[in-house]
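Take a look at the structure set out below.
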Amino acid sequence: MLEVVSDNAKGLALAVASSAFIGVSFILKKIGLRRAAKCGARAGGGGYTYLSEPLWWAGMTTMLLGEVANFVAYIFAPAVLVTPLGALSVIVSSVLAHFVLKERLEKLGVLGCVSCIVGSVVVVMHAPEEHMPDSVEEIWNLATQPGFLAYAMTTMLLVGTLVLFFEPRYGQTNILVYLGICSSMGSLTVVSIKAIGVAIKLTLDGVNQAAYPYTWFFLMVAIICGVSQINYLNKALDTFNLAIVSPIYYVMFTTLTIVASGIMFKDWAGQSLSSIASELCGLITILSGTILLHTAEEGANNSAALLPWPLDKGSISWCISLSSDNLLKNVEEDYFAALQNSPAPV
């Protein structure tokens with residue numbers, strides 16, 4: 001009993017550390033992307049200047065540490081304990097974005113973030129337990145079954161459609177384009193990494209898995225999908241506010257990963273009706289939170305677009321000359337003067 005408690009404590013500590021690292025990594029990468037944009041093409045416009053920015057690499061290193069800690073946490077604790085704690089990274093990044101990046105999140109956006117986090121936790125907590133395969137060959141057999149092949153083909157078709165048709169038209173205005181690509185590729189990355197993890201574990205136990213071609217296939221898929229995932233996450237971070245990117249990315253990535261894992265390992269079969277109902281409620285909460293986040297973002301953009309030019313400075317300065325004394329007086333009134341003279345929006 002003591003050993004079980006100790007393992008859960010280790011898993012809990014690693015999961016919390018992982019969320020902290022990942023939350024901080026978003027901030028570091030965002031600052032790096034901003035600095036890189038001043039020296040060359042932005043990541044959102046197809047540029048790769050950020051690769052020479054030390055802060056971006058610091059963010060990538062921090063994120064890698066977080067992912068490693070998260071991976072090791074699953075060794076010590078069950079998924080129902082580790083996975084929901086990923087929501088902490090959203091809280092960490094949102095709080096730091098408010099104080100460090102000065103990205104204000106309105107009350108409606110805060111409500112959307114909370115809804116997304118609560119819905120994601122509900123879905124994860126009621127997700128079926130996964131079965132860990134005993135060999136890479138077993139994972140290959142699961143990956144080549146019709147159900148997962150259909151999911152993989154649908155994912156690739158969706159990604160191709162988003163990249164070829166939607167990204168050129170809506171990539172700079174709709175956050176779901178970049179994050180849809182990123183999260184879809186991320187679900188395949190997780191499945192491949194799980195296969196690699198099994199191969200490493202078996203190899204360390206004395207059963208060499210390097211001789212199987214499946215091991216190298218999963219490694220190639222993990223590299224390709226992982227690089228694509230990072231690339232489009234960078235574009236999303238460079239184009240949209242971190243306070244909006246972080247929760248939506250967490251929601252989409254977590255949901256698609258649960259779906260991919262459930263289809264591949266066939267863990268959905270033994271679920272009770274109450275668990276299925278809870279997952280549906282969680283998904284509805286996630287969708288509601290996503291709508292609230294979009295409403296908050298669109299409302300902020302529309303409000304900024306309606307303001308007259310001088311208002312982006314935050315104040316108006318009047319110069320008044322009084323008779324022969326040539327007395328100059330600066331009067332600063334927030335928004336009052338321009339609102340008096342500006343035409344009413346139609």
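Under the 4.5 Å side-chain criterion, counting only non-hydrogen atoms from C-beta, Val221 is not in contact with Val191. Lys235 is listed as a side-chain neighbour of Glu167, based on a closest heavy-atom distance under 4.5 Å. The side-chain heavy atoms of Leu64 and Met60, taken from C-beta on, include no pair separated by under 4.5 Å. Within the 4.5 Å cutoff, no side-chain heavy atoms of Phe21 are placed close to those of Met63. With contacts defined as side-chain heavy-atom distances shorter than 4.5 Å, the pair Thr285/Val122 does not qualify. With a 4.5 Å cut-off on side-chain heavy atoms, Gln209 and Ile200 do not count as touching. Side-chain contact between Thr215 and Leu219 is absent, with no heavy-atom pair separated by less than 4.5 Å. Inter-residue side-chain proximity for Met264 and Tyr151 is flagged as unmet; no heavy-atom pair is nearer than 4.5 Å.
Heavy-atom minimum distance, Ala236 versus Leu179: CB-CD2, 3.7 Å. Shown here for Tyr249 and Cys182, the closest heavy-atom pair between the two residues is CE1-SG, 3.3 Å. Listed here is the closest heavy atom pair of Thr49 and Ala36: CG2-O, 3.7 Å. What you find for Ile22 and Glu67 is that their closest heavy atoms are CD1-OE2, 3.6 Å. Across every non-hydrogen atom of Ala143 and Phe218, the tightest pair is CB-CZ, 4.3 Å. Annotation for Cys225 and Leu188: closest pair SG-CB, 4.0 Å, computed over non-hydrogen atoms.
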Pair Leu96, Val24 - check side chain to side chain contact (heavy atoms under 4.5 Å, CB included), show working. CA-CA 8 Å; Leu96 290 178; Val24 172; 3.9 Å; yes

Please test Phe148 against Leu142 for side chain to side chain contact (heavy atoms under 4.5 Å, CB included), starting from the C-alpha separation and ending with a verdict. CA-CA 8 Å; Phe148 187 75; Leu142 294 172; over 6 Å; no

Might you work through the side chain to side chain contact (heavy atoms under 4.5 Å, CB included) test for Ile248 and Met252, ending with a clear yes or no? CA-CA 6 Å; Ile248 296 180; Met252 296 180 67; 3.7 Å; yes

Please report the C-alpha distance between Leu233 and Tyr178 in whole Å, then the side-chain angles of each, then the deciding distance to 0.1 Å, and finally whether the side chain to side chain contact (heavy atoms under 4.5 Å, CB included) criterion is met. CA-CA 7 Å; Leu233 179 58; Tyr178 288 147; over 6 Å; no

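Between Phe166 and Tyr170, the angle of the ring planes lies from 30° to 60°, which puts this pair in the tilted group.
Looking at Thr144, its side chain does come within 3.5 Å of a backbone N or O of Trp140 through a donor-acceptor pair. When atom types are taken as modelled, the side chain of Lys30 and the backbone of Leu237 share a donor-acceptor pair closer than 3.5 angstrom. Counting only distance, with no hydrogens or angles, the side chain of Arg35 and the backbone of Ile31 share no donor-acceptor pair below 3.5 Å. A donor-acceptor contact shorter than 3.5 Å is absent between the side chain of Ser184 and the backbone of Thr155. Using a distance-only test at 3.5 Å, with no hydrogens or angles considered, no donor-acceptor pair links the side chain of Ser187 to the main chain of Thr257. At least one donor-acceptor pair closer than 3.5 Å links the side chain of Asn234 to the backbone N or O of Ile230. Here the side chain of Trp216 pairs a donor or acceptor atom with the backbone of Ala210 at under 3.5 angstrom.
Taking CZ of Arg34 as the reference point, atom CD of Glu53 lies at 13.0 Å (rounded to 0.5 Å). With rounding to the nearest 0.5 angstrom, the OH atom of Tyr232 is 9.0 Å from the CG atom of Leu162. Considering CG of Leu158 and CE of Met185, their distance stands at 11.0 Å, rounded to 0.5 Å. To the nearest 0.5 angstrom, Met220 atom CE is 9.5 Å from Ser192 atom OG.
Ile27 and Leu55 fall within a single hydrophobic cluster, where Ile, Leu, Val, Met, Phe, Trp and Tyr side chains are chained together by heavy-atom contacts under 4.5 Å. One hydrophobic cluster, built from ILVMFWY side chains closer than 4.5 Å, cannot hold both Leu164 and Leu157; they sit in different ones. Linking Ile, Leu, Val, Met, Phe, Trp and Tyr residues whenever their side-chain heavy atoms come within less than 4.5 Å leaves Tyr212 and Ile193 in two separate clusters. Hydrophobic clustering (ILVMFWY, side-chain heavy atoms < 4.5 Å, transitive): Val163 and Leu176 are in one cluster. Connection of Leu204 to Val136 is established within a shared hydrophobic cluster, with ILVMFWY side chains joined at heavy-atom distances below 4.5 Å, either directly or through further cluster members.
Other residues, nucleotides and ligands contribute at most 12 non-hydrogen atoms within 6.0 Å of the CG atom of Leu273.
Using modelled atom types and a 3.5 Å distance limit, the side chains of Glu138 and Tyr214 yield no donor-acceptor pair. Defined by atom type and a distance below 3.5 Å, a donor-acceptor pair is present between the side-chain atoms of Ser272 and Ser275.
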